[in-house]
Amino acid sequence: MEVGPGKFLLARVDDVARWAQSSSVWPLTMGLACCAIEMMSVTDPQFDIARLGSEVFRSSPRQADLMIVSGRVAQKMAPIIKRIYDQMAEPKWVISMGACASSGGVFDNYAIVQGVDTVIPVDVYVPGCPPTPDGLLHGITLIQQQIREGGRGGILARA
Amino acid sequence: MSSLSTTPLTPEIVSREGNTMVLSMGPQHPSTHGVLQLVLEIEGENVVNVDPEIGYLHTGIEKSAENLFWSQAQTVIERMDYLAPESNSLCYVLAAEKLLGIADRIPSRAQAIRVLFAELTRIASHCVWLGTHCIDLGALSVFFYTFDLRENILDLQEEAGGARMHPNYLRIGGCNGDLPEGFLAKLDALIEKFPGRMADLRGLLQANPIFQDRTIGIANLCANDAVAWNVTGPSLRASGVAYDVRRAFPYCGYESYEFDVPTRTEGDAYARFLVRLEEMEQAHRILQQVRKRLDEPGPVMIDDTKVAAPPKETIALSMEALIHHFKIVSEGFRVPPGDVYQSVESPRGELGFYLVSDGGNRPYRVRTRPPSLYNLQAIKAIARGNLIADLVVTIGSLDPVFGEVDR
Ligand code: SF4
């Protein structure tokens with residue numbers, strides 16, 4: 001394949017779109033608990049989430065593609081998470097970060113929802129309490145892989 | 001789920017007298033530092049009234065702790081104030097030791113290590129506070145400087161306890177094993193690096209006209225109000241009251257360290273900023289003193305097989321050690337009946353635990369005095385009359401952590 005003046009690069013629109021989309025997954029700024037601090041750590045110089053094109057944390061759900069549920073989900077917070085998820089534009093993805101968000105973690109009690117997947121659909125679970133920033137980065141690469149392979153919610157998935 | 005009421009903006013709240021409007025800020029808001037909802041009553045751009053609505057992170061930690069062994073409860077308690085996990089565990093551990101009556105038998109090296117981690121966690125916590133506070137004000141780059149420093153501290157925590165954020169390294173009776181090899185060299189490197197980083201931070205912010213404009217004279221809290229609202233920590237000291245638990249009720253041998261308790265009298269957001277920066281420098285001073293003490297080897301766990309499991313090596317050799325080990329692992333230890341209050345100076349103020357024991361192997365009641373909750377209350381007093389934009393500064397300068405407020 002040659003690229004240059006007068007040359008062409010042939011590809012399927014679908015592939016190009018997916019490549020572009022997977023390289024700019026914008027997460028939503030939604031910190032819940034301890035895991036949120038590690039979520040912030042991924043933007044620091046040592047881990048540098050910008051390498052994956054996801055450094056643009058958006059505060060409005062309408063501008064975000066990826067919800068990182070970073071921490072324990074209290075009974076009082078669960079309906080709000082559902083509402084924020086509903087407000088995000090399609091296509092959208094969800095990472096359940098940490099033991100609490102995935103399963104309730106050490107808090108098997110009256111106050112904590114035992115897994116955020118009882119409220120919203122989850123694409124990738126990142127284990128840990130809290131997961132290391134590397135773990136979260138790995139989770140994001142899995143989301144990217146899912147997008148490139150045309151998994152749930154891809155840009156042309158419903159065309 | 002969605003049928004549940006998600007916001008407390010009930011008709012009684014919304015219909016106010018006069019020309020005001022009710023606005024809900026949060027719980028998903030980038031500058032409420034977690035899951036705080038503020039129900040604002042505003043007139044134009046001015047805040048007439050603020051009602052904080054908390055509980056969006058209620059975790060039932062106190063209740064969970066009642067169902068765990070005394071030593072296990074520490075695990076969930078560490079997850080309360082997640083910016084300073086070691087302060088939580090330190091306070092709980094000290095309280096439990098008081099109840100057990102072993103407080104004066106803790107090895108001095110263990111006490112030094114506790115001071116080391118308490119101060120490291122103070123610096124790390126203030127790093128997160130400063131980084132996020134500045135993001136709220138639009139100064140993004142500060143975050144990179146402070147989080148770089150914090151990473152160094154987390155590396156130390158990881159080396160000692162095995163986890164970056166919740167190492168669970170301090171234990172009832174001492175610490176979980178001695179500091180690993182190479183730890184002190186890394187600590188030295190951090191101690192050496194710190195002054196330069198502080199100079200960077202001061203250079204970036206202290207005389208920065210934008211930063212000063214946004215913080216000087218904002219969110220004023222006078223000494224009387226601060227005391228009346230039960231505010232503690234840097235927020236109190238920025239109002240001119242020099243109350244520091246480390247001085248007032250020393251623990252872990254803090255009376256033998258040299259450090260100042262920085263205070264300011266202005267009581268505004270800028271004063272709180274200056275107090276916290278100075279506190280980081282004082283923490284650095286304490287670190288240097290602890291570092292000298294850590295050269296002396298010694299035991300780091302109390303020599304009492306009723307509380308601390310005997311060393312692994314002895315288990316294969318002694319029947320008694322095996323039994324003690326088995327007992328502690330399978331059913332924990334029992335704590336004599338009674339109650340006790342213990343407080344420490346966490347990065348946010350006076351953190352206290354009131355523990356009640358009924359003589360069993362699990363706590364009967366674990367009551368927390370979370371500094372963030374009391375500090376946050378003061379927002380009702382200080383946000384009134386400010387602009388909406390200044391609310392962000394107000395919340396940031398109080399530095400609440402919602403894991404602790406709601407727990
Ligand atoms: S998984 Fe662990 S670190 Fe994350 S929110 Fe739960 S308790 Fe905190």
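- When heavy atoms are compared at a cutoff of 4.5 Å, B:L83 approaches chain A solely by way of its side chain, counted from C-beta outward.
- How far OG1 of A:T43 is from CZ of B:F144: 6.0 Å, rounded to the nearest 0.5 Å.
- Considering only heavy atoms from C-beta on, B:R164 comes within 4.5 Å of A:P133 through its side chain.
- Taken to the nearest 0.5 Å, the CD1 atom of A:I112 stands 8.0 Å off from the CD1 atom of B:I61.
- With a 4.5 Å cut-off on non-hydrogen atoms, A:C129 touches chain B through its backbone and its side chain both.
- Between the CG atom in B:D406 and the CZ atom in A:R72 there is a gap of 9.0 Å [rounded to 0.5 Å].
- Among all heavy-atom pairs drawn from B:V76 and A:V106, the shortest one is CG1-CG2, 4.0 Å.
- More than 12 heavy atoms of other shown residues, nucleotides or ligands fall within 6.0 angstrom of atom CZ in A:F47.
- When each of B:T59, B:D81, B:D148 is scored by its heavy-atom pairs under 4.5 Å with chain A, the top score falls to B:T59.
- The minimum heavy-atom distance linking B:F147 with A:I37 is given by the pair CE2-O, 4.3 Å.
- Counting heavy-atom neighbours within 6.0 Å of A:D108 CG, excluding the residue itself, gives a total of 12 or less.
- The aromatic ring centres of B:H58 and A:F107 sit 6.0 Å or more apart.
- For the options A:A74, A:C34, A:P130, A:A33, heavy-atom pairs under 4.5 Å to chain B are most numerous at A:C34.
- Annotation: side chain of A:M77 is not in contact with side chain of B:L57 (no heavy-atom distance under 4.5 Å).
- For A:K76 (side chain) and B:I54 (main-chain N/O), a donor-acceptor pair under 3.5 Å exists by modelled atom type.
- Ranked by non-hydrogen atom pairs under 4.5 Å with chain A, the options B:R150, B:E158, B:R79 are led by B:R79.
- Around the OH atom of B:Y145, the shell of radius 6.0 Å holds no more than 12 heavy atoms that belong to other residues, nucleotides or ligands.
- Proximity to chain A is absent for every atom of B:T146, based on heavy atoms less than 4.5 angstrom apart.
- Contacts of A:L32 with chain B are made by both backbone and side-chain atoms, with heavy-atom separations under 4.5 Å.
- Using a 4.5 Å cut-off between heavy atoms, A:L28 touches chain B through its side chain atoms alone.
- Within the 4.5 Å cutoff, no side-chain heavy atoms of B:I135 are placed close to those of A:M40.
- Here SG of B:C127 is found 11.0 Å from CG of A:D44. Values are rounded to the nearest 0.5 Å.
- Scanning all heavy atoms of the two residues, the minimum distance from B:G60 to A:A111 falls at N-CB, 3.8 Å.
- Here the side chains of A:I80 and B:P27 are in contact, with some heavy-atom distance below 4.5 Å.
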